Structure formats: C-alpha cells, structure tokens
Colleague: 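Before I ask anything, here is the structure I am working with.
The chains referred to below are lettered A, B, ... by the order of the sequence lines, with proteins before strands, and numbering in each begins at 1. Note that these values count all heavy atoms, side chains included, but never hydrogens, waters or copies made by symmetry. Just so we're clear, the structure is a prediction, and the values are computed from it rather than from any experiment.
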Number of protein chains: 2
Amino acid sequence: MDKTLCPRFEKAMGLLSQRWTGLIIYQLLAGPQRFCHIESAVGVSGRVLSERLKDLENEGIVKREVFPETPVRIEYSLTEKGRALEPVMREIEKWSKTWLTDNGV
Amino acid sequence: MDKTLCPRFEKAMGLLSQRWTGLIIYQLLAGPQRFCHIESAVGVSGRVLSERLKDLENEGIVKREVFPETPVRIEYSLTEKGRALEPVMREIEKWSKTWLTDNGV
DNA sequence: ACATTAACTTACTTTATGTAAGTTAGTATA
DNA sequence: TATACTAACTTACATAAAGTAAGTTAATGT
C-alpha cells in the first residue's frame with residue numbers, strides 16, 4: 001500500500017460513506033427531529049439509527065436535546081459543523097437531478 | 001415507513017455511501033489508472049475493488065479500456081457522468097479542510 | 001519447460017446490518 | 001393498585017457485506 005489520499009478527505013469520506021449517514025444528515029437539514037421521525041422518513045432501522053446518531057454526536061455533527069415531557073421528547077439537530085455539510089448535499093442533489101432518472105433505473 | 005426523500009437523491013447517496021466508492025471516484029479524478037494502482041493508492045482490497053469497478057461501470061460512471069500489451073494493461077477512467085461528481089468531491093474536500101484536524105482525531 | 005506479470009476469482013473468516021422482541025421511565029386510565 | 005401507553009432505545013439472533021490470502025488466466029520472456 002502506498003496511499004496518496006489526504007487523510008482528512010479520507011476521514012470525511014469515511015464518515016459519509018457509512019450506510020445511512022448521508023441520508024440522516026440530509027434529513028436533519030430540514031430541522032430538529034425526533035428519533036422515530038428520522039427512522040420512518042429515512043427508512044433506517046432503529047438499531048442502526050441509534051448507532052449512527054451516537055457516532056455523529058461524537059463527531060460533533062449532531063446535537064441531542066432532551067425535553068422532559070411525557071413521554072420524554074428527544075430532538076436531534078445539526079451542529080454548525082453538521083450544517084456545514086449542506087453544500088455537499090446540494091451538490092449531490094444537483095448531480096442526481098442531472099444524471100439519474102426518476103424511474104426504477 | 002413514510003419516506004419523504006427524493007428517490008434520485010437516495011439513489012445517488014446509495015452509490016456514494018457504499019464503502020470505497022467515493023474514494024475510488026476521487027482517485028480517478030486524477031486521470032485514467034490501472035487496477036493495481038487504484039488498489040494501492042486507495043487501500044481497498046482487490047476483491048472489493050473489482051466489485052465496485054463493475055458496479056460503477058454498470059452505472060455509467062467509470063469506463064474500462066483494454067490495451068492488449070504484455071501483460072495486458074487495463075485502464076479505468078471516469079465518464080462524463082463520473083467527472084460530473086467532481087463538485088461533490090470538492091465540497092467534501094473543503095468541509096474536511098475546515099472541520100477536521102490532521103492528526104489522528 | 002518454467003518464470004513473470006496484471007488482473008482478476010474463489011474460498012473462507014470477520015464485521016456490519018436487518019429484524020423483531022424486550023427494556024425503561026413517566027404518566028394516564030380502569 | 002394494577003395495567004396500559006408511548007418514545008427511545010437495547011438485545012439477541014440471522015443475513016449480507018467486506019477483509020484476507022491463495023489460486024487462476026493469458027500472453028510473453030529466459
């Protein structure tokens with residue numbers, strides 16, 4: 001192995017290329033949301049969503065806020081670092097609109 | 001489940017969020033390259049690289065060219081559709097430079 | 001005839017993800 | 001008092017994806 005890639009780029013790509021992570025961040029661009037809402041909107045299983053949100057919190061990309069109501073309400077939102085990924089998402093959006101078709105293909 | 005995501009965006013993210021795919025495309029932005037060069041530059045195993053290149057060829061993102069020399073030379077390069085992903089990669093690069101540190105963290 | 005080289009494949013192990021049931025905490029209802 | 005309800009997780013177990021290393025192929029060169 002003689003890697004030539006920038007380690008920061010590699011790290012960034014490593015984050016985004018975990019399954020579901022990109023869609024979760026994209027979904028959170030719409031604003032703070034609860035666990036079960038993200039789960040159904042994105043179509044990810046609770047097991048993996050739980051794991052991903054923890055990772056993203058550790059990376060400082062997502063913030064978790066607890067509201068002690070009944071039943072407890074917990075909201076996830078993007079930090080500044082997380083919102084900074086919006087241009088990435090917009091470019092993916094642009095590419096997909098230009099190069100992918102809407103039907104099953 | 002009541003998904004709210006654009007199916008084309010989902011498809012695009014599905015492609016990019018396969019492990020290694022993003023790094024392979026990024027690596028190919030530097031120009032046409034052979035199998036074993038990509039393998040060592042990116043650090044992906046031959047088994048998975050083979051699989052990914054096939055997928056990307058099927059998606060019309062990567063082109064495979066055979067040069068009947070000895071031993072045979074095969075070069076992989078990005079198609080127009082593939083090169084159109086450059087802005088995505090540049091935004092990820094920007095984000096990683098702004099928000100990630102160079103050391104192990 | 002044997003060695004060499006790139007580009008794969010195959011067989012097998014380890015890790016990640018999907019699925020579905022179970023847990024926790026704080027009320028509300030019978 | 002006992003049971004129910006709800007969101008947010010966890011756990012246990014099954015399936016799918018990725019890592020590792022050895023093997024295959026085809027066209028020379030020694």
Colleague: For a quick check of understanding: with a heavy-atom distance under 4.0 Å over all strands, which category does A:F67 fall into, base, sugar-phosphate or nothing?
Modeller: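 Touches nothing.
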
Colleague: So, OP1 or OP2 of D:dA8: does either fall under 4.0 Å of a side-chain N or O from A:R34?
Modeller: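 So the side-chain polar atoms of A:R34 do come within 4.0 Å of the phosphate oxygens OP1 or OP2 of D:dA8, strictly under.
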
Colleague: Starting at atom CD of A:E39, determine the distance to atom P of C:dT19, rounded to an integer number of angstrom.
Modeller: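 Nearest whole value for this atom pair: 11 Å.
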
Colleague: Strictly below 4.0 Å, N to O, side chains only: are B:R52 and B:E59 in salt-bridge contact?
Modeller: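 No salt bridge links B:R52 with B:E59.
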
Colleague: How many whole angstroms separate atom CD of A:Q33 from atom C1' of D:dA7?
Modeller: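 Roughly 15 Å, once rounded to whole Å.
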
Colleague: Does the side chain of A:R64 get closer than 4.0 angstrom to OP1 or OP2 of D:dC9 through an N or O atom?
Modeller: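 Checking D:dC9 against A:R64, a side-chain N or O does come within under 4.0 Å of OP1 or OP2.
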
Colleague: Rounded to whole angstrom units, what separation is found between the CG atom of B:L49 and the P atom of D:dA17?
Modeller: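 Rounded to whole Å, this separation is 18 Å.
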
Colleague: Counting just side-chain N and O atoms, does A:W20 come under 4.0 Å of either OP1 or OP2 of C:dG18?
Modeller: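 It does, given that an N or O in the side chain of A:W20 lies less than 4.0 Å from OP1 or OP2 of C:dG18.
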
Colleague: For A:Q33 and A:E75, which I'm curious about, is there any donor-acceptor pair between the side chains at under 3.5 Å?
Modeller: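 No.
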
Colleague: Can you measure A:R73 atom CZ to D:dA8 atom P for me and round it to whole angstrom units?
Modeller: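 Distance, rounded to whole Å: 9 Å.
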
Colleague: Knowing that exactly one of A:L78, A:T79, A:D55 qualifies, which makes a side-chain contact (heavy atoms from CB on, under 4.5 Å) with A:V62?
Modeller: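 With A:V62 as partner, side-chain contact (heavy atoms from CB on, under 4.5 Å) holds for just one option, A:L78.
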
Colleague: Is any side-chain N or O of B:R52 closer than 4.0 Å to OP1 or OP2 of D:dA18?
Modeller: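 Looking at the OP1 and OP2 atoms of D:dA18, one of them is under 4.0 Å from a side-chain N or O of B:R52.
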
Colleague: Between atom CD in B:E69 and atom P in D:dA26, what is the gap in whole Å?
Modeller: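 One finds 19 Å between P of D:dA26 and CD of B:E69, rounded.
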
Colleague: Do the charged groups of B:R83 and B:E86 touch, with an N to O distance under 4.0 Å?
Modeller: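 B:E86 and B:R83: not salt-bridged.
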
Colleague: C:dT9, OP1 or OP2 - any side-chain N/O from B:K54 closer than 4.0 Å?
Modeller: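 Yes, B:K54 has a side-chain N/O under 4.0 Å of OP1/OP2 on C:dT9.
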
Colleague: B:Y76 side chain N/O closer than 4.0 Å to the phosphate oxygens (OP1, OP2) of C:dC8?
Modeller: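 True: B:Y76 side-chain N/O within range (under 4.0 Å) of C:dC8 OP1/OP2.
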
Colleague: Between B:F35 and A:P71, which has a closest nucleotide on DNA chain C that is more 5'?
Modeller: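 The 5'-side residue here is B:F35.
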
Colleague: When you measure from the side chain of B:I74, which nucleotide among C:dG18, D:dG19, C:dC8 comes out closest?
Modeller: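 Out of C:dG18, D:dG19, C:dC8, the nucleotide with an atom closest to B:I74's side chain is C:dC8.
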
Colleague: Is a side-chain donor-acceptor pair under 3.5 Å present for A:Y26 with A:E93?
Modeller: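 Indeed, the side chains of A:E93 and A:Y26 share at least one donor-acceptor pair under 3.5 Å.
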
Colleague: From C-beta outward on B:R47, which listed nucleotide comes closest to its side chain: C:dT19, D:dA18, D:dA17?
Modeller: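 The listed nucleotide nearest to B:R47's side chain is D:dA18.
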
Colleague: A:V48 side chain: which of C:dT9, D:dG19, C:dG18 is closest?
Modeller: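 The answer is C:dG18, which lies nearest to the side chain.
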
Colleague: Considering only side-chain heavy atoms of B:R19, which listed nucleotide, D:dA8, C:dA7, D:dA18, is closest?
Modeller: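 Between D:dA8, C:dA7, D:dA18, the one nearest the side chain of B:R19 would be D:dA18.
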
Colleague: If you pin A:V72 and A:G46 to their nearest nucleotides in DNA chain D, which one's is more 5'?
Modeller: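 It is A:V72 whose nearest nucleotide is closer to the 5' end.
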
Colleague: At under 4.0 Å, does any side-chain N or O of A:S50 touch on OP1 or OP2 of D:dA8?
Modeller: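 Negative; the distance criterion is not met.
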
Colleague: For B:E51, which contact category applies under a 4.0 Å heavy-atom criterion: base, sugar-phosphate, or nothing?
Modeller: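 Counting heavy atoms under 4.0 Å across all strands, the contact made by B:E51 is with sugar-phosphate only.
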
